[in-house]
Amino acid sequence: EAGVVQSPRYKIIEKKQPVAFWCNPISGHNTLYWYRQNLGQGPELLIRYENEEAVDDSQLPKDRFSAERLKGVDSTLKIQPAELGDSAVYLCASSLWGDTGELFFGEGSRLTVL
Amino acid sequence: GQNIDQPTEMTATEGAIVQINCTYQTSGFNGLFWYQQHAGEAPTFLSYNVLDGLEEKGRFSSFLSRSKGYSYLLLKELQMKDSASYLCAVRDKPHGGYNKLIFGAGTRLAVHP
């Protein structure tokens with residue numbers, strides 16, 4: 001069974017540029033999460049989807065971050081414009097349904113903003 | 001508020017036993033999880049405790065005391081491949097809200113020959 005797939009694995013951009021990350025969850029997983037992980041820290045939740053609905057986006061910086069999950073499968077996370085402090089690993093995770101706590105993570109997209 | 005504390009780094013010897021502690025404070029505790037994360041890789045699920053006591057899974061065991069806000073992960077017969085970060089995560093359910101998994105900063109374990 002294929003795991004959670006993310007792309008790109010690495011992205012280097014200059015500040016004020018836009019960037020987008022893509023995630024394909026495990027087939028059949030209704031719940032999808034985007035986390036941000038700074039160096040030496042644990043992952044922090046940005047947004048959680050149940051199918052197409054964003055049920056928790058309280059920690060998403062909405063002035064520059066946006067996300068969508070059309071058709072309840074793939075998801076994209078966008079940052080526009082990027083700032084130096086956005087440099088981090090952006091992790092996508094999925095779970096069967098609800099928040100069981102057993103999340104399956106993708107390998108992440110490492111963003112460097114110069 | 002929510003707070004999860006675990007040691008930043010630990011070292012141990014191959015074949016030995018190591019215990020990684022985690023203390024937490026949350027408003028709506030609903031389970032505690034341990035994840036393993038090798039450098040540059042995704043976190044992977046290790047264990048889950050919702051009731052007090054010890055859960056054993058092969059070389060790994062996890063303990064929970066809800067009254068003390070305390071958990072530990074016990075790794076036995078350490079192998080070099082166990083060198084990784086171990087993340088303690090608490091599932092918190094604030095009043096009227098959704099479950100949310102909150103991660104600690106992780107404990108970086110180095111296993112030496």
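Only a predicted model underlies this, so the values are computations on that prediction, with no experimental measurement involved. Naming convention: chains lettered A, B, ... in sequence-line order (proteins, then strands); numbering from 1 in each chain.
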Undergrad: Any chance NZ of B:K68 has more than 12 other-residue heavy atoms, nucleotides or ligands included, within less than 6.0 Å?
TA: no

Undergrad: Out of curiosity, does B:L73 fall in the hydrophobic cluster containing B:Y48 (side-chain heavy atoms, cut-off under 4.5 Å, transitive links)?
TA: no

Undergrad: Is it the case that more than 12 heavy atoms not belonging to A:L39 sit under 6.0 Å from its CG atom?
TA: no

Undergrad: Can you tell which part of A:E44 gets under 4.5 Å to a heavy atom of chain B, answering side chain, backbone, both or neither?
TA: neither

Undergrad: Could you tell me the separation between the NZ atom of B:K100 and the CD atom of A:Q59, rounded to the nearest 0.5 Å?
TA: 4.5 Å

Undergrad: May I ask you to test the B:F103-A:L45 pair for a side-chain heavy-atom distance under 4.5 Å?
TA: no

Undergrad: Quick check for you: among B:G31, B:C88, B:P43, B:A42, which has the greatest number of heavy-atom pairs under 4.5 Å with chain A?
TA: B:P43

Undergrad: Without swapping roles, check the side chain of A:R48 against the backbone of B:N99 for a donor-acceptor pair under 3.5 Å.
TA: yes

Undergrad: Are B:L74 and B:W34 connected into the same hydrophobic cluster when the rule is that any two of I, L, V, M, F, W, Y join if their side-chain heavy atoms are below 4.5 Å apart?
TA: no

Undergrad: Would you say that more than 12 heavy atoms from the other residues, nucleotides or ligands in this model lie under 6.0 Å from the CD of B:E14, or not?
TA: yes

Undergrad: Connecting only ILVMFWY residues whose side-chain heavy atoms lie within less than 4.5 Å of each other, what is the rest of A:W22's hydrophobic cluster?
TA: A:V5

Undergrad: Should B:F45 and A:F105 count as side-chain neighbours, where that means a heavy-atom distance under 4.5 Å?
TA: no

Undergrad: Measuring only between side-chain heavy atoms, which start at C-beta, is B:L101 closer than 4.5 Å to A:P43?
TA: no

Undergrad: Between chain B and each of A:L91, A:D56, A:V55, A:N38, count heavy-atom pairs under 4.5 Å; write down the option with the most.
TA: A:V55

